[in-house]
Amino acid sequence: MSKSLYETLGVSESASADEIKKAYRKLARKYHPDINKDESAVDKFKEINAAYEVLSDEQKKAQYDQYGDSMFGGQNFHDFAQGQGGGVDLDEILRQMFGGGGGGGFGGAQGGFGGFGGGFGGPDLDVQARITIPFIVSVTGGKHNVTANGQSFDIKIPAGIKSGETMRVRGKGKQYQGQAGDLLIQVEVSSSDEYERKGDNLYKTFDVPLKEALFGGKIAIDTPEKEVSLKVPQNTKNGQKFRLKGKGVPDRKTAMKGDLYLVANVVLPDVDSLDSELKVMLEEKL
């Protein structure tokens, strides 16, 4: 029986959980789009993450070990993934195939895929919702209160989530004959006046008084995690960038964090507020 998910991660079917995890991390770093600029790396990265989604979960792995690639219609996983088209969330497809709202995934006396959203042929018990979260919560993670289906409850927002991503809350959908569907929440992230996100990197502009820009000094700056004291050198230029490595947004798949770039905005004093002697000296010397 073919089991191509193992081939995707480059491990044997007898690989231990630690070996699978190590192989995943190695491949995720190799094919991460921020590191590997080859166009094919994006699809490869998605396949690696999706394979790990299954093989790192004991129940899903046992399910796959039992049925193998028959779960993909007899195709190997690469061909199955390519057949889904661009822009498709492979992780979500596999969660639907393996997770199950009530019936418990693939198999059973009926054959076929069971249970997701009430199962194929049954009523769709899933409920759609949309929430908007603060920008800073999308970076650091946190809790967010949701009201749906007459219930109010907190959900955990993972750090690094992006606008347009969908979160699944098990058992919070509609109910039918003892089964419960899921709540599918599309997340929108509010814009920020303080930060700009580019991939997993953050950019923030901070003010530098003219004195510190000329002669150097320390400036206190708030970051998503905590306040930091940044040492700016002499002759700091307007627009000069300072990189704080690993202080950006975490990648939800690899847990690797991007960087925070602090962009200097040199603040000039109001000429009218300057001492008259200093004004004369500046006019003469500059």
Side-chain angles (χ1 to χ4, degrees), residues 21 25 28-29 32-35 45 49 130-147 152-167 169 185-275 278-279 282 286:
K21 187 174 185 179
R25 287 182 171 176
R29 291 190 187 97
H32 194 289
D34 288 344
I35 298 173
F45 186 67
N49 285 314
R130 178 176 295 184
I131 61 173
T132 300
I133 62 174
F135 181 88
I136 202 68
V137 173
S138 75
V139 175
T140 62
K143 291 183 179 180
H144 189 87
N145 187 262
V146 174
T147 300
S152 181
F153 49 90
D154 289 335
I155 61 172
K156 183 179 180 181
I157 304 295
I161 197 167
K162 301 175 184 176
S163 282
E165 291 193 50
T166 299
M167 296 180 60
V169 184
I185 303 175
Q186 183 174 341
V187 177
E188 296 297 326
V189 178
S190 297
S191 59
S192 172
D193 295 330
E194 189 175 3
Y195 296 97
E196 180 183 3
R197 179 174 178 177
K198 296 181 180 180
D200 292 332
N201 295 326
L202 291 176
Y203 292 79
K204 175 178 179 172
T205 299
F206 70 103
D207 290 339
V208 182
L210 181 60
K211 178 182 176 181
E212 280 71 18
L214 290 173
F215 305 108
K218 292 184 177 181
I219 299 177
I221 304 174
D222 287 327
T223 74
E225 294 181 358
K226 62 180 180 180
E227 182 181 281
V228 299
S229 179
L230 178 70
K231 184 177 181 180
V232 296
Q234 291 182 5
N235 299 316
T236 292
K237 305 296 190 295
N238 195 56
Q240 187 170 336
K241 294 184 179 68
F242 299 86
R243 176 190 180 200
L244 300 186
K245 188 175 181 180
K247 299 299 182 182
V249 184
D251 185 296
R252 292 179 60 197
K253 305 299 184 184
T254 65
M256 297 171 62
K257 296 185 73 171
D259 302 325
L260 170 60
Y261 289 90
L262 300 173
V263 185
N265 176 49
V266 178
V267 180
L268 301 178
D270 184 353
V271 174
D272 294 333
S273 67
L274 296 177
D275 179 83
L278 178 59
K279 287 173 62 177
L282 289 173
L286 294 179

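Treat the numbers as computed from the prediction; the structure is a model and nothing was measured. No hydrogens, no waters, no symmetry mates; every other heavy atom, side chains included, goes into these values.
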Apply side chain to side chain contact (heavy atoms under 4.5 Å, CB included) to the pair Val266 and Asp207, showing each step before the final yes or no.
CA-CA 6 Å; Val266 178; Asp207 290 339; over 6 Å; no
What's the verdict on side chain to side chain contact (heavy atoms under 4.5 Å, CB included) for Val249 and Asn201, showing C-alpha distance, side-chain angles and the deciding distance?
CA-CA 6 Å; Val249 184; Asn201 295 326; over 6 Å; no
Yes or no on side chain to side chain contact (heavy atoms under 4.5 Å, CB included) for Leu262 and Ile221, after CA distance, side-chain angles and deciding distance?
CA-CA 9 Å; Leu262 300 173; Ile221 304 174; 3.7 Å; yes
Walk me through it: do Asp154 and Val146 pass the test side chain to side chain contact (heavy atoms under 4.5 Å, CB included)?
CA-CA 6 Å; Asp154 289 335; Val146 174; over 6 Å; no
Step by step, would you call Lys218 with Glu212 a salt bridge (charged side-chain N to carboxylate O under 4.0 Å, His left out)?
CA-CA 8 Å; Lys218 292 184 177 181; Glu212 280 71 18; over 6 Å; no
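With values rounded to the nearest 0.5 angstrom, Ile35 atom CD1 is found 9.0 Å from Phe45 atom CZ. The structure places NZ of Lys143 at 11.5 Å from CD1 of Ile157, a figure rounded to the nearest 0.5 Å. Considering NE2 of His144 and CE of Met167, their distance stands at 10.0 Å, rounded to 0.5 Å. Rounding to the nearest 0.5 Å places CG of Leu214 at 9.0 Å from OG1 of Thr236. For the atom pair CG of Asp34 and CZ of Arg29, the computed distance is 14.0 Å after rounding to the nearest 0.5 Å. Note that the CD1 atom of Ile219 and the CG atom of Leu230 stand 6.5 Å from one another [nearest 0.5 Å].
Checked options Phe242, Tyr203, Phe206; the residue passing with Tyr261 is Tyr203 (criterion: ring pair (Phe, Tyr, Trp, His ring centres under 6.0 Å)).
Counting only heavy atoms from C-beta outward, the side chains of Val271 and Leu282 never approach each other to under 4.5 Å. Using a 4.5 Å cut-off on side-chain heavy atoms (C-beta onward), Pro269 and Leu274 make contact. Side-chain contact between Asp200 and Lys257: absent, with no pair of heavy atoms (C-beta onward) separated by less than 4.5 Å. Looking at Val137 and Ile161, their side chains never come closer than 4.5 Å, going by heavy atoms from C-beta outward. Side-chain atoms of Val169 and Ile185, non-hydrogen and from C-beta on, do get closer than 4.5 Å to each other.
Side-chain atoms of Lys204 come within 3.5 Å of backbone N or O of Asp222 as a donor-acceptor pair. The main-chain N or O of Val189 is found under 3.5 Å from a side-chain atom of Ser163 such that the two form a donor-acceptor pair. A donor-acceptor contact shorter than 3.5 Å links the side chain of Arg197 to the backbone of Gly199. Without hydrogens or angle criteria, Ser192 side chain to Phe135 main chain gives no donor-acceptor distance under 3.5 Å. The backbone N or O of Ile136 sits less than 3.5 Å from a side-chain atom of Thr140, completing a donor-acceptor pair. Distance alone, capped at 3.5 Å, places no donor-acceptor pair between the Asn265 side chain and the Thr205 backbone. Remark: the backbone N or O of Ser229 is not paired with any side-chain donor or acceptor of Lys231 at under 3.5 angstrom.
Ionic pairing of Asp259 and Lys245 is not present here: no N-O contact between side-chain nitrogen and carboxylate oxygen is shorter than 4.0 angstrom. Ionic pairing of Lys162 and Glu188 is not present here: no N-O contact between side-chain nitrogen and carboxylate oxygen is shorter than 4.0 angstrom.
The number of heavy atoms from other shown groups lying within 6.0 Å of CG (Asp270) is above 12. Counted within 6.0 Å of CZ on Phe153, heavy atoms from surrounding residues, nucleotides or ligands total more than 12; the atom is thus considered enclosed.
Counting only residues at least two apart or in different chains, ring pair (Phe, Tyr, Trp, His ring centres under 6.0 Å) contacts with residues 216-238 are absent.
For the residue pair Asp251/His32, the side-chain donor-acceptor check at 3.5 Å is satisfied.
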